Amino acid sequence: KIFTDSCPHCIKRIARKAVSAGHAPLLTYGLGSRVQIDLIDFQSCPDGDFKYLLNVQDLGTKFYDCRPLTSKRGPTVAAALVD
């Protein structure tokens, strides 16, 4: 046992568990079950009244949607998500 634990050739032959980076795949169950939402601030270069950009990506279908927003208040963002 001591020899096999220290022998370089034996160490290479021993089956080892594959090292994972700690990432697990995200499982989704259809359209809209899991989304990623980002709010981008464009106050330094607004387009008219629009100062923010709401990005929504459906992780199951990879569908991507962008909406311009005038403010980042809760009712404004919620209305853009429902729309």
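Since we're looking at a predicted model, the values are computed, not measured.
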- Message: Would Val56 and Tyr64 count as a side-chain contact (heavy atoms from CB on, under 4.5 Å) here? Give the steps.
- Response: CA-CA 6 Å; Val56 180; Tyr64 200 76; over 6 Å; no

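A salt bridge between Asp49 and Lys51 is absent, with no side-chain N of the basic residue lying under 4.0 Å from a carboxylate O of the acidic one.
Annotation for Ser33 and Tyr29: closest pair OG-N, 3.1 Å, computed over non-hydrogen atoms. The shortest heavy-atom contact between Cys66 and Leu53 is CB-CD1, 4.1 Å.
A distance of 8.0 Å separates CG of Leu54 from CG of Asp65, quoted to the nearest 0.5 Å.
For the side chain to side chain contact (heavy atoms under 4.5 Å, CB included) criterion with Tyr52, the lone passing option out of Gln43, Arg73, Arg67 is Gln43.
Counting heavy atoms from C-beta on, the side chains of Gln36 and Leu59 come closer than 4.5 Å. Counting heavy atoms from C-beta outward, Asp47 and Phe42 have side chains that stay 4.5 Å or more apart. Between Leu31 and Asp58, some side-chain heavy-atom pair lies under the 4.5 Å cut-off. Side-chain contact between Leu69 and Leu39 is present, with at least one heavy-atom pair separated by less than 4.5 Å.
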